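Every chain is numbered from 1, with letters handed out A, B, ... down the list of sequences. For clarity, every value in this text was computed on a predicted model and none was experimentally measured.
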Number of protein chains: 2
Amino acid sequence: MPLPPGVRARDFSDALKQFGEAVGKEWVFSSEEDVSLYRDSFSPFWHEEEDPVPAAAVAPHSVEQVQQVLKVANQYKIPLWTISTGRNLGYGGSAPNISGTVMLDLKRMDRVLDVNEGNASCLVEPGVSYLDLYKYIQAKKIKLWLDPPDPGWGSLVGNTCERGGGYTPMRDHFENHCGMEVVLPNGDVVRTGMGALPAAKTWQQYKYGFGPYLDGIFTQSNFGVVTKMGFWLMPEPEAHITGTVSIPKQEDLPRFIDILSYLINTGAVQGTTRVFGGGGGGGRGGAAGGAGSAAWTTNLPFYGAAKVVAAQWEHAKDKFSEIPGATFRDGESYRFPLSLEQIDKIRNPVSVGIPNLSFFGGRSEGHIFFAPIIPMSGEGVLEATKVFDKAFADLGRPGRSFIFPQSYFPRSFVTIFTFPIEHNVENNRKNRELYKRLVKIAAENGYGEYRTHTAFMEDAMETYSFGNHSLRRTHETIKDALDPNGILAPGKNGIWPKRLRKARA
Amino acid sequence: MPLPPGVRARDFSDALKQFGEAVGKEWVFSSEEDVSLYRDSFSPFWHEEEDPVPAAAVAPHSVEQVQQVLKVANQYKIPLWTISTGRNLGYGGSAPNISGTVMLDLKRMDRVLDVNEGNASCLVEPGVSYLDLYKYIQAKKIKLWLDPPDPGWGSLVGNTCERGGGYTPMRDHFENHCGMEVVLPNGDVVRTGMGALPAAKTWQQYKYGFGPYLDGIFTQSNFGVVTKMGFWLMPEPEAHITGTVSIPKQEDLPRFIDILSYLINTGAVQGTTRVFGGGGGGGRGGAAGGAGSAAWTTNLPFYGAAKVVAAQWEHAKDKFSEIPGATFRDGESYRFPLSLEQIDKIRNPVSVGIPNLSFFGGRSEGHIFFAPIIPMSGEGVLEATKVFDKAFADLGRPGRSFIFPQSYFPRSFVTIFTFPIEHNVENNRKNRELYKRLVKIAAENGYGEYRTHTAFMEDAMETYSFGNHSLRRTHETIKDALDPNGILAPGKNGIWPKRLRKARA
């Protein structure tokens, strides 16, 4: 196993011993067999020297143990890479960015601390998965929905820290979290929002608290270890229906998107939609399968009272009818609660708040995501389509670029391109090069990634360069203040602590 | 005029000269007549020594001038208190927290930089008021709504920096802002979110950007000077209707609130509601006037297609009908766009996105707000009512405490109590004492303020004390890193820079 950068073997051995005293010997892993489980088996650096190899892993069970682990890491200047549960597929798995990192594995902190039906909220630890919380809620017959992302094994806290999205009206996970507990590198346990009131009654109800609202700086960052997080849940609605709209002509795309965004921005459509071009779609989500000869198709999910969702779908049809040849198809229709039989047959469980693993049906290859944000407007989508079509043609990537804009977040679309990762060094090198060039081309055209794979964090942050990198400079100023020894995930998303900061061109 | 703390008269005179070189002599104010305009004429310290008196004011016209002003302030260690336009009534006006402060007045930076109809967004400078933006949008016949708070003269940027709220579905102003430009004390101009991409196409569309999401730390804080802010606007909906629900029995309050919160949390009710007890209400907002013999009343605002809002109101009636004796009254009903005649007659213009000054009709006394957050649940409201009824009885405040919960934010209620401020030293002293005790009592029972008056910032922050004040300690760590000379609003919301940090008990 590699050593942490700049740490001597004997010191590291002492540190491992102290980690053991903190969490129990059996929860410190340093054998090659154990540690290799944290590597990315579909790393874009497969069989290359750059492939990061952790030095060890330590799995605390409590906030106090996290504090102890941080203390030891500070003493020996050992970099820690925090993970919890789930796989982070497409974005680098559980693997760290630099060899010699010690994995801070929070999966043992898996307590559902509270589910409050009256306030429609919950408080969980990082090791709680969407599946765990769903089971807990079902067992207690609580009439609340959670909002799962594609794979249900993920951590609510982890997904939200990476600013992931789902499918129901609560789909923007950061927006629908409420309150955090964070252990800072100096061991301070900070509760954000109303949690800073010792007797707090609205920690999971009011996000901002009093004074600066800190939560955002603990997402996609390396400033602290989040040990608790609150979430807003949605009271079970009466009904859910999905409608599908298709239009026959390519050139009506801008108007099609403008109507869709009007419906989203006025609150008529409250779940995630996807826009499929040509004969595409029918894949994950599956809401637009069989679009046939349509040029463009989208799914419209509605949630609420039966009479309201019916009126919303009628309203949407009214709006889209102005496009010549628009056709409409009624999709799934549910009244809640569902019977177990109904749940078994459901095509797209995440859209009704049921976490699952169907996303992985039949998949075995590795892949990485390139996920830029594009405008949610007709003109904006058209322009982005041209830019990426040209980029892929220029770069010689096989196949055409399908932009399938998805409304995981309000007011903009995420488009996700998939790059294969193979057990083939030469192909991986080519794909990495292509990915890096795509990051640059996208940025030159005004599109930035909302999140990226561990291997490309430096490239992505490099493009967020306004004011001679004033944003990154600010991140690093905060990093140095909160983590003076630079122990937490040095280099994550391009943020380096002073002692490891590289000379930049 | 007082001098800034620790600054010699001669140095201050040099500083004023340099401010003049930065912004033009005519935009530096140091005569008593000019400077007194920035004082609070209804200060709770009226005619007492503690009443803060600014030393001067400086009004830059551009980002470059803001940078210059900060440079001079750093050189002489002069505290700056940033304001823009509007009055901040009830929370301290434009006055600073300490005497000798120089006002950084941004009202000349009043450009509407962009209103984008396709993306339903805008980008404005701090000096742009809700009235300004409304006029701009009307003049260009753009079909977008903004979300005004009660008085329309306020600044969009200023209100959002203090985390204010309005009345339409875009009522949580922080949640519906998108992207900032901030000048840091060191002069760095930082663009947050997608604005850090020099060619950004989604600065006003996607909030979070890449890496840590910083925006929250520039609200209710003293870490930077916000010079631009983007906002999501709402496309003009087809219709708006309001319904009023009343119930006759006090004891049905919990069920009443639970149904209301169900409707809010499932997205059926998307605007701000108020819950009025007894014969109360009918005041600002005015949505529940004439409740008569009802024990509890609330207004339900609906926005969207005509058929959708009708269905939502029917759905709400279905739900509330389970409470014995519930009665329903149709309220205002509009189809958009409105004629000028209709606009003139409208009772509650803010609820349809029209900023105005009717809030001040007939008011002349001074007042300060005490604004704790309480849960949005039946049980939670009942408990809060008991706590505050008892507190007011114990403290001997005249009159009974009406808690009128208001849903300015998702998932919780704000309750606003008004304290009179008089031109009477003795009464003001009593009221200050009462306010301070109320802050403590509220906190002991788990309720914290979402924002407070300048005079009570220290008291409020003192209650957010979890982990031996770990949150405040974190704020001050960030403060020292970003503002090492402690020039921006030292002490705002209880956050002091190192050089002025007081020994705390």
Specify which of [options] makes the most heavy-atom pairs with chain B at under 4.5 Å.
{"options": "A:I478, A:D480, A:L233, A:D215", "answer": "A:L233"}
{"options": "A:Y208, A:F218, A:Y450, A:Y262", "answer": "A:Y208"}
{"options": "A:S377, A:S121, A:A443, A:G304", "answer": "A:S377"}
{"options": "A:G267, A:A460, A:P169", "answer": "A:A460"}
{"options": "A:N186, A:T477, A:L197, A:D188", "answer": "A:L197"}
{"options": "A:T266, A:I217, A:T192", "answer": "A:I217"}

Partner chain A: residue of [options] with the largest heavy-atom pair count (under 4.5 Å):
{"options": "B:G378, B:P410, B:A306", "answer": "B:P410"}
{"options": "B:M234, B:M194, B:E162", "answer": "B:M194"}
{"options": "B:C178, B:G467, B:P235", "answer": "B:P235"}
{"options": "B:N265, B:T219, B:I373", "answer": "B:I373"}
{"options": "B:I257, B:T202, B:I374", "answer": "B:T202"}
{"options": "B:R473, B:E236, B:K492, B:E238", "answer": "B:R473"}

Contacting moiety of [X], where chain A heavy atoms sit under 4.5 Å:
{"X": "B:L184", "value": "side chain"}
{"X": "B:N116", "value": "neither"}
{"X": "B:M376", "value": "backbone"}
{"X": "B:Q204", "value": "neither"}
{"X": "B:A268", "value": "neither"}

- Do B:W203 and B:E181 have side-chain atoms, one donor and one acceptor, less than 3.5 Å apart?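 No, no side-chain donor-acceptor contact under 3.5 Å.
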
- Message: Distance alone, cut at 3.5 Å: any donor-acceptor contact between the side chains of B:R451 and B:Q220?
- Response: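 No donor-acceptor contact under 3.5 Å links the two side chains.
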
- Salt-bridged, B:R163 to B:D172, with N to O below 4.0 Å?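 Salt bridge: no.
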
Are [X] and [Y] close enough that some pair of their side-chain heavy atoms sits under 4.5 Å apart?
{"X": "B:E462", "Y": "B:F456", "result": "no"}
{"X": "A:E175", "Y": "A:K207", "result": "yes"}
{"X": "A:H475", "Y": "A:M461", "result": "yes"}
{"X": "B:V387", "Y": "B:Y447", "result": "yes"}
{"X": "B:K228", "Y": "B:V63", "result": "yes"}

Could you label the plane-to-plane angle of the [X] and [Y] rings as parallel, tilted or perpendicular, counting under 30° as parallel and over 60° as perpendicular?
{"X": "B:Y303", "Y": "B:H240", "answer": "parallel"}
{"X": "A:F210", "Y": "B:Y464", "answer": "parallel"}
{"X": "B:F231", "Y": "B:H177", "answer": "perpendicular"}

[X] versus chain B, heavy atoms under 4.5 Å apart: side chain, backbone, both or neither?
{"X": "A:D318", "result": "side chain"}
{"X": "A:Q270", "result": "side chain"}
{"X": "A:F413", "result": "neither"}

- Backbone of A:I495 reached by a side-chain donor or acceptor of A:N222 within 3.5 Å: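 Yes: the side chain of A:N222 pairs with the backbone of A:I495.
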
